[in-house]
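Beneath this line is the structure, given in structure tokens, with notes to follow.
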Amino acid sequence: MAETKVKATPKPSNSTSKSSAKKATTNPTAATDTVKQPDPVLPPNGQDQAANNTPQATSPAKPVFPKETYLQWYEQMVLMRKFEEKAGQLYGQQKIKGFCHLYIGQEACVAGAVSALTKDDKWITAYRDHAHPLALGTSPNAIMAELFAKATGCSKGKGGSMHMFDKNVNFIGGHGIVGAQVPLGAGLAFAEKYNKTGNLCICYMGDGAVRQGALHEAFNMAMLWKLPVIFVVENNGYAMGTSVQRTSNVTDLYTLGESYDMPSEPVNGMNVEDIHNAVARAAERARAGEGPTFLEFKTYRYKGHSMSDPAKYRTKEELEEYRQRDSIEAVRHTILTNNMATEADLTAIDEKIKARVSESVEFAETSPYPTADELYKDVYVQQDYPYIRD
């Protein structure tokens with residue numbers, strides 16, 4: 001995938017970030033089944049931004065990136081959205097089985113990071129993992145075939161929705177154990193530093209994963225050894241079905257990194273420009289040997305935790321509020337209002353992506369299932385591993 005070189009905006013000092021951190025407040029309704037989630041992205045009804053310590057989720061009046069970057073973002077995010085909408089339909093038809101966690105609403109969290117990094121950097125995430133390889137350049141055919149458990153899938157039909165891998169684009173997997181990818185991400189970064197490649201690892205996690213002890217062990221070691229890793233928590237407001245303020249006294253999750261003197265900041269996860277700038281700043285630090293950064297992408301998923309989740313823990317009104325700030329629509333608005341492309345141009349992109357998604361479904365449906373002997377393959381890297389017992 002073509003790389004877009006854009007200079008990052010200056011980062012505010014870490015001391016400023018600490019002093020302006022918002023103090024968590026007690027929610028009197030926290031014992032109810034449905035809890036109004038504090039808005040992680042925008043103050044409701046246009047309240048003062050500074051008082052909420054969050055950036056606005058609006059596109060700039062004038063674009064701050066080249067036309068090619070906005071068009072790349074638009075195409076990537078529409079591909080993620082349309083692919084997953086189709087996957088949701090196919091799951092309902094029982095053509096896709098098992099677990100299926102959709103990324104719809106969070107597309108900017110990946111698109112903005114791809115444009116800020118290089119093709120040689122490593123990526124790792126949790127089990128909400130379809131969008132990452134799509135944006136990195138993995139064929140939609142291979143991802144859809146994996147969802148169908150077919151041999152032509154990117155994990156040979158053995159991983160399914162939660163375990164996508166593609167070494168060709170340096171995507172080192174979706175991981176099904178909550179938080180398991182965090183120490184693995186630190187390990188990938190250690191390998192890059194040890195081999196003096198100049199590359200880094202970006203490690204994504206959900207807001208529920210920050211409760212895992214492995215995260216704190218990895219943070220400590222990453223700072224001690226100044227590993228080139230960008231830790232990202234995609235705070236979509238709900239760890240599975242439980243809102244953040246019902247699981248922790250600390251609701252500004254980025255402040256957890258400050259316990260280790262790790263540069264940490266909140267980022268508007270519904271704004272692709274902000275994502276790019278934050279990741280670019282963190283990447284510059286990592287490549288300069290200054291160690292890790294912890295970013296909290298404050299975002300929102302439109303679907304439940306998984307396809308089996310009816311999401312009754314939130315209101316329809318809350319969901320609609322976030323839909324009004326959709327990152328794809330924001331980029332579309334920037335493109336059109338600044339004459340970067342016409343409606344017809346964007347419609348052509350939409351139609352091209354719809355055709356690619358349809359092709360991926362046909363490819364998956366006509367592909368073969370793995371044969372029985374595949375059970376014994378890819379278990380050990382060393383084919384003549386001497387300690388296998390009969």
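Positions are given from 1, in the same order as the sequence printed here. Worth saying up front: this structure is predicted, and the values here are computed from it rather than measured.
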task = Take H101 and M240 through the side-chain contact (heavy atoms from CB on, under 4.5 Å) test and state the conclusion after the steps.
result = CA-CA 10 Å; H101 304 82; M240 294 187 69; over 6 Å; no
Just checking [X] against [Y], ring centres under 6.0 Å apart?
| X | Y | value |
| --- | --- | --- |
| Y103 | H130 | no |
| Y127 | H163 | no |
| Y302 | Y322 | no |

As an exercise, state the distance from [atom1] of [X] to [atom2] of [Y], rounded to the nearest 0.5 Å.
| X | Y | atom1 | atom2 | result |
| --- | --- | --- | --- | --- |
| K303 | I104 | NZ | CD1 | 5.0 Å |
| D326 | Y300 | CG | OH | 13.0 Å |
| D350 | I328 | CG | CD1 | 9.5 Å |
| I96 | E146 | CD1 | CD | 11.0 Å |

Using side-chain contact (heavy atoms from CB on, under 4.5 Å) as the criterion, list what pairs up with [X], not counting sequence neighbours.
| X | answer |
| --- | --- |
| K193 | K226, L227, P228 |
| D378 | K156, K158, E374 |
| K352 | E75 |

Are [X] and [Y] joined in one hydrophobic group, where the rule is that I, L, V, M, F, W and Y side chains link up if heavy atoms are under 4.5 Å apart?
| X | Y | value |
| --- | --- | --- |
| M77 | L336 | yes |
| V233 | Y260 | yes |
| I124 | L117 | no |
| V114 | W73 | yes |

ask   = Other than L375, what residues sit in its cluster of Ile, Leu, Val, Met, Phe, Trp and Tyr side chains whose heavy atoms are under 4.5 Å apart, directly or through others?
value =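 In the cluster with L375 are Y376.
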Can any side-chain N or O of [X] pair as donor or acceptor with the backbone N or O of [Y] at less than 3.5 Å?
| X | Y | result |
| --- | --- | --- |
| T138 | L134 | no |
| T299 | E234 | no |
| N338 | I335 | no |
| E192 | T197 | no |

request  = Could you walk me through whether Y254 and F294 pass ring-ring contact (aromatic ring centres under 6.0 Å, His included), step by step?
outcome  = CA-CA 6 Å; Y254 72 95; F294 185 39; 8.2 Å; no
query = Between the side chains of Q89 and Q93, does any donor sit under 3.5 Å from an acceptor?
reply =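 The answer is no; no qualifying pair exists.
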remark   = Only one of K298, R285, R281 passes salt bridge (charged side-chain N to carboxylate O under 4.0 Å, His left out) with E265, and that residue is R281
request  = Show your reasoning for whether salt bridge (charged side-chain N to carboxylate O under 4.0 Å, His left out) applies to E351 and R356.
outcome  = CA-CA 9 Å; E351 293 302 319; R356 288 182 69 190; over 6 Å; no
query = Can you name the salt bridge (charged side-chain N to carboxylate O under 4.0 Å, His left out) partners of E365, sequence neighbours left out?
reply =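 Checked E365 against salt bridge (charged side-chain N to carboxylate O under 4.0 Å, His left out); matches are K95.
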request  = Could you label the plane-to-plane angle of the Y238 and Y313 rings as parallel, tilted or perpendicular, counting under 30° as parallel and over 60° as perpendicular?
outcome  =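 Answer is tilted, since the angle falls between 30° and 60°.
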May I have the list of side-chain donor-acceptor pairs in residues 169-186 shorter than 3.5 Å, sequence neighbours left out?
| from | atom 1 | to | atom 2 | distance (Å) |
| --- | --- | --- | --- | --- |
| N170 | ND2 | K119 | O | 2.9 |
| H175 | NE2 | I172 | O | 3.1 |
| Q181 | NE2 | Y204 | O | 3.0 |

